[in-house]
Peer 1: 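Below is the structure I would like to discuss, written out as structure tokens.
Whatever order the structure lists them in is the order used to number ligands and atoms, beginning at 1. Residue numbers count from 1 along this sequence.
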Amino acid sequence: MYLNMIGGEAVASTSASKNINPSNTNDVIGEFAQASAADVDRAVAAAQAAFPAWSRSTPQERYDILKKAADEVMARKDELGRILAREEGKTLAEGIGEATRAAQVLAFFSGEALRLNGEAVTSVRPGVGVEITREAIGIVGLITPWNFPIAIPAWKIAPALAYGNCVVLKPADLVPHSSYMLVDILNRAGLPAGVLNLVMGRGSVVGEAILKHPGIHAVSFTGSVGTGRHVAASCVAASPMKKVQLEMGGKNPLVVLDDADLKTAVECAANGAFFSTGQRCTASSRLIVQEGIHDAFVAALTERLQGLVVDDALKAGTHIGPVVDEKQLKVDEDYIALGRKEGAKLHWGGERLNRETPGFYLQPALFTECTNQMRIAREEIFGPVASVIRVKTYEEALAVANDTDFGLSSGICTTSLKYATHFKRNSEAGMAMVNLPTAGVDYHTPFGGRKGSSYGPREQGAYAREFYTTVKTAYTYAG
Ligand code: NAD
């Protein structure tokens, strides 16, 4: 059994859950311990014991550990990518890509540990000096989703540690193996016992215990809007209140204008909407297409979809792996049925598929003749399902793109500098892409959105310090 890691030790557990491969439900990856609320208490106590020394450790110590871990993750990216693809269902290439991203994030934040600086300000009072510095917040609870099993834990853990915090990590219960490996690598890279603790298990037990624990100073959460709202409310209701950061869902628009390069637009749509089985918060689930290019775009995208192989994530030649589990597959199928009922045309796909092994295989679904008012165009489906919405003008396209409760990522395919520039300025999203898929970002730049997609400071890049540090203003009278 894979055990929780608390205070640098593997902790025995009375309950466990099976980690099942979504490409082959006969393949049990392993039994993973389920933490209890008492385990969360122990993890917080271990983090509290480690905090005084860790928060005063030198940037060199933090650099060395994060860099060593980055090097090991990079050296083992193929193995880690396979573990990830096996438990989550994204393809092996995507899994290896994500493991590589985790290594890059760890390496980036090893450098950030060295770059933490402050300001000296001239006082308005004579003889007084003012220093503004950043300090660790304390004990940080990290709650992560299943769709990026190693990259999201890495991009929360790395800045937390780089700035001197101690961590209690609760990964999604569907994909604990990747987090288990990451925590093991970081601990062996030299983290003192208790600095990073892993508590695997259910949101209703482990997540709730983190939200309720008075010893946790801040919570960084990535997941669905509903859970996020509850996380924020709990953090504000707690005594003392917890600092909170939420990254949540998306209903990201990709605008395709008449002047777009057709090949670029089709690639952006195929990749953005359907790769990683559409299970990305940045997925292009609304394809907003101008009428002059509409028919050619739909025809070319359909041809592209026909060439995509949906199969076992670990098989060579697979372009799209299975849906993560039966529950999510049912959600996807229900939305496909709803789309038809709402009057959209299921132009291609949407069928459950049988493959050599029993798994949750779904053919990508492309809806046409959609309106932006349909529920399939308003609610996050989180599967390989995209809606094409026909528009007359750029102005209408922009209005439809912004007419959503979400605001994570947006994109436009155009050869016009005027429209590209206008779109970047007027898109109500945290990230705007021109001639690129809405999914796919750099690791050294801020990541996050607006409206229902995000709450609190940005993640990633140097901007991550806003959440993982607290500011101190110190005044000195020197006569
Ligand atoms: P989820 O909200 O069901 O779960 C997220 C995490 O919260 C899991 O670890 C879960 O166990 C935990 N949790 C559940 N109930 C809890 C509770 N009561 N208290 C505390 N923790 C609890 O989300 P999911 O299904 O794992 O992930 C899919 C969602 O994540 C999608 O909506 C997707 O858009 C979003 N997502 C967002 C981003 C982003 O950066 N914006 C990135 C990836 C995924």
Peer 1: Below 3.5 Å, N or O to N or O, backbone or side chain included: is there any such pair between Thr144 and ligand 1?
Peer 2: yes

Peer 1: I need the atoms of ligand 1 closer than 4.0 Å to a non-hydrogen atom of His230, numbered in the order shown.
Peer 2: 18 (N)

Peer 1: Does an N or O from Gly201, backbone or side chain, lie closer than 3.5 Å to an N or O of ligand 1?
Peer 2: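 No - when backbone and side-chain N and O of Gly201 are compared with those of ligand 1, no distance drops under 3.5 Å.
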
Peer 1: Please report whether ligand 1 has a polar contact with Glu380, defined as an N or O pair separated by less than 3.5 Å (distance criterion only).
Peer 2: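 In this structure, Glu380 places an N or O atom under 3.5 Å from an N or O of ligand 1.
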
Peer 1: To which of Gly141, Gly223, Pro145 does the heavy atom nearest atom 29 (C) of ligand 1 belong?
Peer 2: Gly223

Peer 1: Aromatic contact between Tyr2 and Tyr180, with the criterion being ring centroids under 6.0 Å apart: yes or no?
Peer 2: yes

Peer 1: Examine Trp146 against ligand 1 and note whether any of their N/O atoms are separated by less than 3.5 Å.
Peer 2: yes

Peer 1: Show me which atoms of ligand 1 lie under 4.0 Å from any heavy atom of Ala172.
Peer 2: 9 (O)

Peer 1: So, Thr469 side chain and Arg465 main chain: donor-acceptor pair closer than 3.5 Å or not?
Peer 2: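 Yes; at least one donor-acceptor contact below 3.5 Å.
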
Peer 1: What is the closest protein heavy atom to atom 38 (C) of ligand 1, and at what distance does it sit?
Peer 2: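 The protein heavy atom lying closest is Cys281 SG, 2.9 Å.
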
Peer 1: Please confirm whether the backbone N or O of Thr318 pairs with a side-chain atom of Asp311, one donor and one acceptor, at under 3.5 Å?
Peer 2: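 Flag not set: sc Asp311 to bb Thr318 has no pair under 3.5 Å.
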
Peer 1: Which of the atoms of ligand 1 are close to Gly207, meaning less than 4.0 Å from one of its heavy atoms?
Peer 2: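 Going through ligand 1 atom by atom, the ones under 4.0 Å from Gly207 are 19 (N), 20 (C), 21 (N).
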
Peer 1: Please could you name the atoms of ligand 1 that Leu408 approaches to less than 4.0 Å, counting only its heavy atoms?
Peer 2: 41 (N)

Peer 1: Starting from atom 15 (N) of ligand 1, locate the nearest protein heavy atom and write down its residue, its atom name and how far away it is, to 0.1 Å.
Peer 2: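 Of every protein heavy atom, Thr227 CG2, 3.5 Å lies nearest to atom 15 (N) of ligand 1.
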
Peer 1: Flag the pair Arg202 and Glu208 as a salt bridge only when some basic side-chain nitrogen lies within less than 4.0 angstrom of an acidic carboxylate oxygen.
Peer 2: no

Peer 1: Could you check whether any heavy atom of Leu174 sits closer than 4.0 Å to an atom of ligand 1, since that is the contact criterion I want to use?
Peer 2: no

Peer 1: With a 3.5 Å distance limit and no angle check, can you tell me whether Arg62 reaches the backbone of Ser55 through a side-chain donor-acceptor pair?
Peer 2: yes

Peer 1: Using the ring of Phe109 (Phe, Tyr or Trp, six-membered ring only), decide whether Lys67 places NZ or CZ under 6.0 Å from its centre and within 45 degrees of its axis.
Peer 2: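 Judged by the rule, Lys67 and Phe109 form no cation-pi pair.
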
Peer 1: At less than 4.0 angstrom from any non-hydrogen atom of Thr222, what atoms of ligand 1 do you find?
Peer 2: 5 (C), 36 (N), 37 (C), 38 (C), 39 (C), 40 (O), 42 (C), 43 (C), 44 (C)

Peer 1: Is Asn147 close to ligand 1, meaning an N/O of one under 3.5 Å from an N/O of the other?
Peer 2: no

Peer 1: Side-chain polar contacts of residues 430-438 - donor-acceptor pairs under 3.5 angstrom, sequence neighbours left out - could you list them?
Peer 2:
from, atom 1, to, atom 2, distance (Å)
Asn435, OD1, Thr414, N, 3.1
Asn435, ND2, Thr414, O, 3.0
Thr438, OG1, Thr282, O, 2.7
Thr438, OG1, Ser284, N, 3.3
Thr438, OG1, Ser284, OG, 2.6

Peer 1: Can you tell me the protein heavy atom closest to atom 12 (C) of ligand 1 and the distance?
Peer 2: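 It is Ile143 CG2, 3.6 Å.
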
Peer 1: Could you tell me whether a side-chain N or O of Gln34 sits under 3.5 Å from a main-chain N or O of Ser15, the two making a donor and an acceptor?
Peer 2: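 The answer is no, because no donor-acceptor pair under 3.5 Å joins these two groups.
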
Peer 1: Can the ring centroids of Trp155 and Phe108 be said to lie less than 6.0 angstrom from one another?
Peer 2: no

Peer 1: Any non-hydrogen side-chain atom of Leu408 less than 4.5 Å from a side-chain atom of Ser454?
Peer 2: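 With C-beta onward as the side chain, the pair touches.
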
Peer 1: Which heavy atom of the protein is the closest neighbour of atom 40 (O) of ligand 1, given with residue, atom name and distance?
Peer 2: Phe447 CE2, 3.1 Å

Peer 1: So for ligand 1, is Met248 a polar contact partner (N or O within less than 3.5 Å, distance only)?
Peer 2: yes

Peer 1: Using modelled atom types and a 3.5 Å cut-off, is there a donor and acceptor pairing between side-chain atoms of Lys170 and backbone atoms of Leu142?
Peer 2: no

Peer 1: Minimum distance, heavy atoms only, to atom 28 (C) of ligand 1: which one of Trp155, Phe406, Phe382 is it?
Peer 2: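 Result: the heavy atom closest to atom 28 (C) of ligand 1 is in Phe382.
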
Peer 1: Ignoring angles and geometry beyond distance, decide whether Lys170 reaches within less than 3.5 Å of ligand 1 through its nitrogen or oxygen atoms.
Peer 2: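 By distance alone, the answer is yes.
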
Peer 1: Compute the shortest N/O to N/O distance between Glu208 and ligand 1 and return yes if it is under 3.5 Å, no if not.
Peer 2: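 There is such a contact, yes.
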
Peer 1: For atom 7 (O) of ligand 1, decide whether some protein heavy-atom distance is shorter than 4.0 Å.
Peer 2: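 Within 4.0 Å: yes, protein heavy atom nearby.
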
Peer 1: Kindly say whether the aromatic ring centers of Phe32 and His177 come within a distance under 6.0 Å.
Peer 2: yes

Peer 1: Taking only heavy atoms of Leu211, which atoms of ligand 1 are found under 4.0 Å from at least one of them?
Peer 2: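 Taking each heavy atom of Leu211 in turn, ligand 1 has 19 (N), 20 (C) under 4.0 Å.
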
Peer 1: Pick one: which of Leu161, Ile185, Leu66 meets side chain to side chain contact (heavy atoms under 4.5 Å, CB included) with Leu106?
Peer 2: Leu66

Peer 1: Could you list the atoms of ligand 1 found under 4.0 angstrom from a heavy atom of Ile152?
Peer 2: 42 (C), 43 (C)

Peer 1: Could you list the atoms of ligand 1 found under 4.0 angstrom from a heavy atom of Phe221?
Peer 2: 2 (O), 5 (C), 6 (C), 7 (O)

Peer 1: Would you tell me which option among Ser234, Gly203, Ser454 has the nearest heavy-atom contact to atom 19 (N) of ligand 1?
Peer 2: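 The option holding the nearest heavy atom is Gly203.
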
Peer 1: Can a donor-acceptor pair be found, under 3.5 Å and without considering hydrogens, that links the side chain of Glu342 to the backbone of Ala344?
Peer 2: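 Not confirmed, Glu342 side chain does not pair with Ala344 backbone.
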
Peer 1: Would you mind finding which of Ser409, Gly250, Ser224, Gly448 brings a heavy atom closest to atom 2 (O) of ligand 1?
Peer 2: Ser224

Peer 1: Within the side chain of Lys242, is there an N or O that forms a donor-acceptor pair under 3.5 Å with the backbone of Lys212?
Peer 2: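 No, the answer is negative, given that no donor and acceptor are paired below the 3.5 Å cut-off.
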
